[in-house]
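So the structure is just underneath, and the comments pick up after that.
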Amino acid sequence: LMKWAAVASVLLLISMGGYFGFYNKNEGPVDISKTINKHIQPNKDVAPGGSKAILTLADGSIINLDSAQNGTLATQGNIKVIKGEDGQLLYYVDQENSNAVGYNTISTPRGGKYEIVLSDGTKVWLNAASSLKFPASFTGKIREVVLTGEGYFEVAKNAMMPFQVKVDHMTVEVLGTHFNVNAYSEEPDIETTLLEGSIKIKKAGKVQILSPGEQAKFTSSGIFINKNADLQQVMAWKEGFFLFDNTDIYTLMRQVARWYDVEVNFEGKIAVEGFTGKISRNVPLSKFLKVLELNEMHIKTEGKKITIIP
């Protein structure tokens, strides 16, 4: 864990800007946002991620959502695709016309995120470097979408048409509920966390039902259930901050790489002490890295290339 006694005086002298609230379980919050900054070079900085995504329609047409104007972007059969004033992507169904259309895909780049409301009213938030493949209009007996990366779902209830999320070789099935799926290919495990309702998870012939507050972790060794998942940590990305709880530097920097769209390398053997803290995802990269340097990490930056040094 962080060496609080060693860095407390330094934290009072170095400004991080924005919101940085570090804490430990014994001492509570440590606010370092009002101190003086003499170390940041804005002209060489990397900005944080933002609302960025590409929408690919069923006919292959591509729409850059971060540069598209608000309003109707496309019409697909009985579906209007609309970019709302808040940047949200909306699928509006014309009930007078029921013709089916094909699948669409929304993809966020590294350094991007996006929110979409599907034609059934289901809301989906995509984290950086993620994608969602979905039908413009749901028909048949099942509402099925395909996820890569990480997404948070608030599924509209429809007992007659279950909602399924396909992830790799896993299926998450719900009727109407709130849950998060973390399935990045570079992460060692697939994590599904339930916040509200109930979900059924199917993988390799095995079925697992979760209750609110539980997390299913699929590893190479099998399925593990955490009955007291840290929901605040799971949902931190959606709420706009990083939240670490004894998190090793490798896991931490994978999150940094995705959000700031940078390359991270490790030189030599790096100590794997855990970091515990909370940092806004709206701060520039240099301010994030300065916090790590205050905690005995040595970092070399060259543009968008970061090297962690023993």
Original post:
Does the side-chain contact (heavy atoms from CB on, under 4.5 Å) test come out yes or no for Ile225 and Lys227, once each step is laid out?
Top reply: CA-CA 6 Å; Ile225 304 299; Lys227 292 187 176 295; 4.3 Å; yes
Original post:
So Met297 and Ile270, side-chain contact (heavy atoms from CB on, under 4.5 Å) or not? Walk me through it.
Top reply: CA-CA 9 Å; Met297 298 305 301; Ile270 309 296; 3.8 Å; yes
**OP:** Please step through side-chain contact (heavy atoms from CB on, under 4.5 Å) for the pair Ile63 and Leu57, ending with a clear verdict.
**Re:** CA-CA 8 Å; Ile63 301 174; Leu57 302 177; 4.1 Å; yes
Original post:
Going through the checks in order, is the ring-ring contact (aromatic ring centres under 6.0 Å, His included) test met by Phe153 and Phe179?
Top reply: CA-CA 5 Å; Phe153 295 79; Phe179 62 98; 5.1 Å; yes
Subject >> Residues Phe218, Phe224; criterion ring-ring contact (aromatic ring centres under 6.0 Å, His included); working and verdict >> reply: CA-CA 7 Å; Phe218 291 85; Phe224 298 90; 9.7 Å; no
**OP:** Begin from the C-alpha positions of Phe266 and Ile249 and carry the test side-chain contact (heavy atoms from CB on, under 4.5 Å) through to its verdict.
**Re:** CA-CA 10 Å; Phe266 295 89; Ile249 187 64; 4.1 Å; yes
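At least one cation-pi condition fails for Arg254 and Tyr184: the charged atom is not both under 6.0 angstrom from the six-membered ring centre and inside a 45 degree cone around its axis. With Tyr92 as the aromatic partner, Lys80 does not meet the cation-pi criteria of under 6.0 angstrom to the ring centre and within 45 degrees of the ring axis. A cation-pi arrangement, defined by a distance under 6.0 Å to the six-membered ring centre and an angle within 45 degrees of its axis, is present between Lys278 and Phe241.
Interatomic distance, Ile309 CD1 to Ile299 CD1, rounded to the nearest 0.5 Å: 9.0 Å. Rounding to the nearest 0.5 angstrom, the gap separating the CG atom in Leu243 from the CD atom in Gln232 is 5.5 Å. Rounded to the nearest 0.5 angstrom, Glu239 CD and Tyr152 OH are separated by 8.5 Å. Here the straight-line distance linking atom CD1 of Ile106 with atom CG of Leu55 works out to 6.0 Å at 0.5 Å rounding. Atom CG of Leu147 sits about 8.5 Å away from atom CE of Met170, to the nearest 0.5 Å. The distance from the CG atom of Asp59 to the CD1 atom of Ile62 is 10.0 Å, given to the nearest 0.5 Å.
Counting heavy atoms from C-beta on, the side chains of Gln164 and Val172 never come closer than 4.5 Å. Two residues are said to be in side-chain contact when any heavy atoms from C-beta on lie closer than 4.5 Å; Lys206 and Ile223 meet this criterion. Between Val256 and Leu285, the closest side-chain pair of non-hydrogen atoms falls below 4.5 Å. Looking at heavy atoms from C-beta onward, Gln76 lies in side-chain contact with Val81 at the 4.5 angstrom threshold. In this structure, Leu175 and Asn158 have side chains that are not in contact, with every pair of non-hydrogen atoms separated by 4.5 Å or more. Counting only heavy atoms from C-beta outward, the side chains of Pro162 and Arg143 never approach each other to under 4.5 Å. No side-chain heavy atom of Val264 sits less than 4.5 Å from a side-chain heavy atom of Tyr250. Residues Glu144 and Phe134 are not in side-chain contact: their nearest non-hydrogen atoms beyond the backbone lie 4.5 Å or more apart.
Residues Thr105 and Ser107 come closest through the heavy atom pair CG2-OG, 3.7 Å. Across Ala156 and Thr122, no two heavy atoms sit closer than the pair N-OG1, 3.0 Å. Here the closest heavy-atom approach between residue Phe242 and residue Phe288 is recorded as CD1-CE1, 3.6 Å. Taking each heavy atom of Ser198 and Val174 in turn, the nearest pair found is O-CG1, 3.9 Å. Summarising the geometry of Pro48 relative to Pro284, their closest heavy-atom pair is CD-CA, 4.0 Å, with the distance given to 0.1 Å. When all heavy atoms of Val165 and Phe163 are compared, the pair lying nearest together is CG2-CE2, 3.7 Å.
In this model, no donor atom of one side chain and acceptor atom of the other lie less than 3.5 Å apart for Glu267 and Asn265. No donor-acceptor contact under 3.5 angstrom links the side chains of Ser119 and Ser137, judged on distance only. Judged purely by distance below 3.5 Å, without hydrogens or angles, the side chains of Glu150 and Asn180 pair a donor atom with an acceptor atom. Side chains of Asp248 and Thr251: a donor on one and an acceptor on the other come within 3.5 Å. Side-chain atoms of Asn246 and Thr276 include no donor-acceptor pair closer than 3.5 Å.
Judged by distance alone, with hydrogens and angles left aside, the side-chain atoms of Lys83 form a donor-acceptor pair with the main-chain N or O of Leu65 at under 3.5 Å. Without hydrogens or angle criteria, Ser130 side chain to Thr108 main chain gives no donor-acceptor distance under 3.5 Å. Between the side chain of Asn64 and the backbone N or O of Ile54, no donor-acceptor pair lies under 3.5 Å. Side chain of Tyr114 to main chain of Gly87: a donor-acceptor pair is present (N/O by atom type, distance under 3.5 Å, no hydrogens or angles). Of the possible donor and acceptor atoms, none in the side chain of Thr72 sits under 3.5 Å from a partner among the backbone N and O of Ala74. Formation of a donor-acceptor pair under 3.5 Å by the Glu214 side chain with backbone atoms of Ser211 is found in this model.
More than 12 heavy-atom neighbours from other residues, nucleotides or ligands sit within 6.0 angstrom of CD on Glu186. Counted within 6.0 Å of NZ on Lys238, heavy atoms from surrounding residues, nucleotides or ligands total more than 12; the atom is thus considered enclosed.
Residues Leu126 and Ile82 are members of separate hydrophobic clusters, defined by side-chain heavy-atom contacts under 4.5 angstrom among Ile, Leu, Val, Met, Phe, Trp and Tyr. Residues Leu132 and Leu73 fall within the same hydrophobic cluster, defined by Ile, Leu, Val, Met, Phe, Trp and Tyr side chains chained together at heavy-atom separations under 4.5 Å. In the hydrophobic cluster analysis, where Ile, Leu, Val, Met, Phe, Trp and Tyr join through side-chain heavy atoms closer than 4.5 angstrom, Trp125 is grouped apart from Val117. In this structure, Leu118 is a member of the same hydrophobic cluster as Val181, with clusters built from ILVMFWY side-chain heavy atoms closer than 4.5 Å. Cluster annotation: Val93 and Met161 are assigned to the same hydrophobic cluster (Ile/Leu/Val/Met/Phe/Trp/Tyr, side-chain heavy-atom contacts under 4.5 Å, transitive).
A salt bridge between Asp261 and Arg110 is present, with a side-chain N of the basic residue lying under 4.0 Å from a carboxylate O of the acidic one.
Among the candidates Val234, Ile201, Asn182, the single residue satisfying the side chain to side chain contact (heavy atoms under 4.5 Å, CB included) test with Thr192 is Ile201. When each of Lys203, Lys166, Lys202 is paired with Thr171, the side-chain hydrogen bond (donor to acceptor under 3.5 Å, both in side chains) condition holds for Lys166 and for no other.
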